[in-house]
Amino acid sequence: QVQLVESGGGLVQAGGSLRLSCAASGVFFNTFSNYGMGWFRQAQGKEREFVGGISRNSNTYYSNSVKGRFTISRDNAKNTVYLQMNSLKPEDTAVYYCAADFGGSVLANRNAYERWGQGTQVTVSS
């Protein structure tokens with residue numbers, strides 16, 4: 001069974017950077033490249049929201065709130081997807097989750113994803 005594990009979260013000052021990783025295990029042969037990978041976040045007391053994602057064709061998509069500051073990439077040889085976060089703001093504080101869509105797409109609807117990681121906390125201080 002495919003499992004996703006996020007890492008790289010932590011505490012950073014406003015204006016700083018973090019890079020999150022999402023590593024997939026239990027992937028059958030080279031099928032990771034077929035997955036669409038999404039990043040979501042959930043701030044305390046709020047609903048989980050779409051941050052962005054990367055499709056099986058490596059097309060990237062971003063929410064308006066992070067466009068121009070965050071970059072998503074993938075390394076299929078390592079079964080890993082990355083979320084580079086620059087110019088962080090206090091409102092970026094949340095638990096960040098990665099998710100896999102086995103069909104290869106990237107959708108803002110979290111119900112489209114078959115697997116989720118456990119999340120990693122990102123805290124941006126002002």
Side-chain angles (χ1 to χ4, degrees):
Q1 174 150 321
V2 174
Q3 292 186 321
L4 304 177
V5 178
E6 302 95 337
S7 61
L11 174 64
V12 63
Q13 288 189 332
S17 299
L18 280 175
R19 188 176 82 154
L20 305 184
S21 299
C22 172
S25 61
V27 178
F28 184 71
F29 283 126
N30 296 319
T31 55
F32 180 79
S33 60
N34 294 330
Y35 300 168
M37 299 297 297
W39 283 98
F40 290 74
R41 66 186 181 186
Q42 188 167 16
Q44 194 167 7
K46 296 187 177 181
E47 290 195 357
R48 194 170 298 188
E49 66 172 357
F50 177 73
V51 173
I54 186 165
S55 71
R56 60 185 296 173
N57 297 320
S58 292
N59 295 319
T60 53
Y61 305 87
Y62 301 95
S63 67
N64 288 335
S65 62
V66 306
K67 196 174 297 182
R69 299 188 297 123
F70 291 10
T71 303
I72 297 171
S73 60
R74 66 191 302 161
D75 185 339
N76 292 328
K78 295 182 178 180
N79 293 344
T80 299
V81 64
Y82 303 98
L83 177 63
Q84 177 67 44
M85 305 185 295
N86 298 329
S87 302
L88 282 161
K89 305 175 182 180
E91 51 263 43
D92 294 318
T93 294
V95 178
Y96 283 72
Y97 299 89
C98 66
D101 172 10
F102 295 158
S105 299
V106 172
L107 297 173
N109 181 355
R110 59 181 183 263
N111 294 323
Y113 296 85
E114 286 91 352
R115 291 288 184 274
W116 289 83
Q118 84 290 348
T120 186
Q121 176 71 48
V122 171
T123 303
V124 184
S125 63
S126 56

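Given the structure is predicted, the values throughout are model-derived calculations rather than measurements.
Although no hydrogens or angles enter the test, the distance criterion places no donor-acceptor pair under 3.5 Å between the side chain of Gln42 and the main chain of Val95. Distance alone, capped at 3.5 Å, is enough to place a donor-acceptor pair between the Thr80 side chain and the Lys78 backbone. At distances below 3.5 Å, not a single donor-acceptor pair connects side-chain atoms of Ser105 with backbone N or O atoms of Leu107. The main-chain N or O of Gly9 is never found under 3.5 Å from a side-chain atom of Gln121 such that the two would form a donor-acceptor pair.
Around the CD atom of Gln3, the shell of radius 6.0 Å holds no more than 12 heavy atoms that belong to other residues, nucleotides or ligands.
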**OP:** Give the C-alpha distance, both sets of side-chain angles, the deciding distance and a yes or no for side chain to side chain donor-acceptor pair (under 3.5 Å) between Ser17 and Asn86.
**Re:** CA-CA 4 Å; Ser17 299; Asn86 298 329; 2.9 Å; yes
**OP:** Would you please test Gln13 and Val124 for side-chain contact (heavy atoms from CB on, under 4.5 Å) and show each step?
**Re:** CA-CA 5 Å; Gln13 288 189 332; Val124 184; over 6 Å; no
**OP:** May I have the step-by-step check of side-chain contact (heavy atoms from CB on, under 4.5 Å) for Val106 and Asn59, ending in yes or no?
**Re:** CA-CA 9 Å; Val106 172; Asn59 295 319; over 6 Å; no
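Looking only at side-chain heavy atoms (C-beta outward), Glu6 and Gln118 come within less than 4.5 Å of each other. Met37 is not listed as a side-chain neighbour of Arg56, based on a closest heavy-atom distance of 4.5 Å or more. Within the 4.5 Å cutoff, the side chain of Tyr97 has no heavy atoms near those of the Thr120 side chain. For the pair Trp39/Phe70, no side-chain contact is recorded, criterion being any heavy-atom separation below 4.5 Å from C-beta on. Annotation: side chain of Tyr96 is in contact with side chain of Val51 (closest heavy-atom distance under 4.5 Å). Proximity of Ile72 to Tyr61: side-chain heavy atoms (C-beta onward) are nowhere separated by under 4.5 Å. Between Tyr35 and Arg115 there is no side-chain heavy-atom pair separated by less than 4.5 Å.
Under a cutoff of 6.0 Å and an axis angle of 45°, Arg74 and Phe32 form a cation-pi pair. Under a cutoff of 6.0 Å and an axis angle of 45°, Arg110 and Phe40 do not form a cation-pi pair.
Of all non-hydrogen atoms in Tyr113 and Gly36, the two that sit nearest each other are CE2-O, 4.3 Å. The two residues Leu4 and Ala100 make their nearest non-hydrogen contact at CD1-N, 3.7 Å. In terms of heavy-atom proximity, Arg69 sits nearest to Leu88 at NH1-CA, 3.9 Å. Smallest separation of non-hydrogen atoms from Ser126 and Pro90: CB-CG, 3.9 Å.
Of the candidates Leu83, Asp92, Thr93, Asp92 is the only one forming a side-chain contact (heavy atoms from CB on, under 4.5 Å) with Arg41.
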